Amino acid sequence: MEPRALYSEAYAAAYRALYVDHPMWHAKHAMNLGLVRALVPPGGRWLDACCGQAWHFTQVVGVAKTGVDLSPAQLARARRDNPDARFLEADVLAAELGERFDLVTSFWGAYAYLDDHARIAAFVARAIEWTAPGGALYLELLTPDTLAAFNATAFADQTASAVEIRGVLADGVAWSFHDPGGRHDLTCPSIGFFERALAPWFHTVEVRGVVATMAQLVAVGRTSERMIDRSRERVVDRERG
């Protein structure tokens, strides 16, 4: 199902109970908020790409917030809860923002809905471009090696949302799951895919994590130009692809 249709009014009404209030995600949310508060300076500019209901915005004060999402139902709740924020209804590959940001975030592996390596690479390139010199980019990743961990959770059992692998390679890059919203078809490259894309543009790129079902990739110190020193491009590709 296409994301715009998937994130309908009915799904938006059920979304918070599943992905904000459920105890499965409390530690993840706490980590996200701690990192956001550390990465965006007071009075700084924060962009959340694929912001959904923008729950994270409600938890952070003293910064200028911009959210981009393609779901009218999700954005209606985001605007209601964050009257001081700016929101744009658009596909992240088409959004025209006209500025750069001290912090760019994208949570929940939302890029995976692009469902294609080239489109995901295009999103990452845009996220890098949106990051101001000296700024940070924080991507929450779903990767092939996190899928088994998700299927083992009580949340997957309670919501009947266990992951099913798609594709002839059965390597976990293409997969789907069902939840109260419907069928989600996703493509999730390895961590190395993202590390290689970010390393030439940031002074540090670090993988963190607090739950086994996803990873947090934190890139700090956006340079004004692509670093050509090849030593900075050497990242640890744990999965060789």
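Small disclaimer: the values here were computed from a predicted structure and weren't measured. Values below: all heavy atoms of this structure, side chains included; hydrogens, waters and symmetry mates excluded.
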Note to self: Evaluate E89 against R4 for salt bridge (Lys or Arg N to Asp or Glu O under 4.0 Å), listing each step before the verdict.
What the structure shows: CA-CA 11 Å; E89 182 183 329; R4 193 184 301 272; 3.6 Å; yes
Notebook entry, point to check: If only atom types and distance count, is the side chain of D69 paired as donor or acceptor with the main-chain N or O of G52 below 3.5 Å?
Noted result: yes
Item checked: Ring centers of W25, W55 separated by less than 6.0 Å -> no
Check: Atom CG in L103, atom CG in L47: separation rounded to 0.5 Å?
Finding: 8.5 Å
Margin query: Centroid separation under 6.0 Å, is that true for the rings of Y113 and F123?
Written below: no
Item checked: Pairwise side-chain contact, R183 with S176, heavy-atom cut-off 4.5 Å (strictly under) -> yes
Margin query: One thing to verify: whether R208 and E140 come together as a salt bridge, which I'm taking to mean a side-chain N less than 4.0 angstrom from a carboxylate O.
Written below: no
Next item on the list: Would you please test R86 and E99 for salt bridge (Lys or Arg N to Asp or Glu O under 4.0 Å) and show each step?
Entry: CA-CA 13 Å; R86 167 196 176 201; E99 62 179 312; 2.8 Å; yes
Check: Can you check whether D21's main-chain N or O pairs, donor with acceptor, with H26's side chain at less than 3.5 Å?
Finding: yes
Next item on the list: Keeping the roles fixed (side chain from R45, backbone from R100), state whether a donor-acceptor pair exists under 3.5 Å.
Entry: yes
Note to self: Taking side chain to side chain contact (heavy atoms under 4.5 Å, CB included) as the criterion, tell me which of V207, L139, L141, N32 meets it with Q216.
What the structure shows: N32
Notebook entry, point to check: Any idea which heavy atoms bring N82 and A54 closest together, and the distance?
Noted result: ND2-O, 3.3 Å
Notebook entry, point to check: Which class fits the ring pair Y11 and Y15: parallel under 30°, tilted 30 to 60°, perpendicular over 60°?
Noted result: perpendicular
Note to self: Quick one, R166 with D115, criterion salt bridge (Lys or Arg N to Asp or Glu O under 4.0 Å). Give me CA distance, side-chain angles, the key distance, then yes/no.
What the structure shows: CA-CA 11 Å; R166 296 188 291 136; D115 206 21; 2.6 Å; yes
Checklist line | Flag, side chain of D116 to backbone of R119, donor-acceptor distance under 3.5 Å | finding: yes
Next item on the list: For a ring pair (Phe, Tyr, Trp, His ring centres under 6.0 Å) with F107, tell me which candidate from F57, Y19, Y138 qualifies.
Entry: Y138
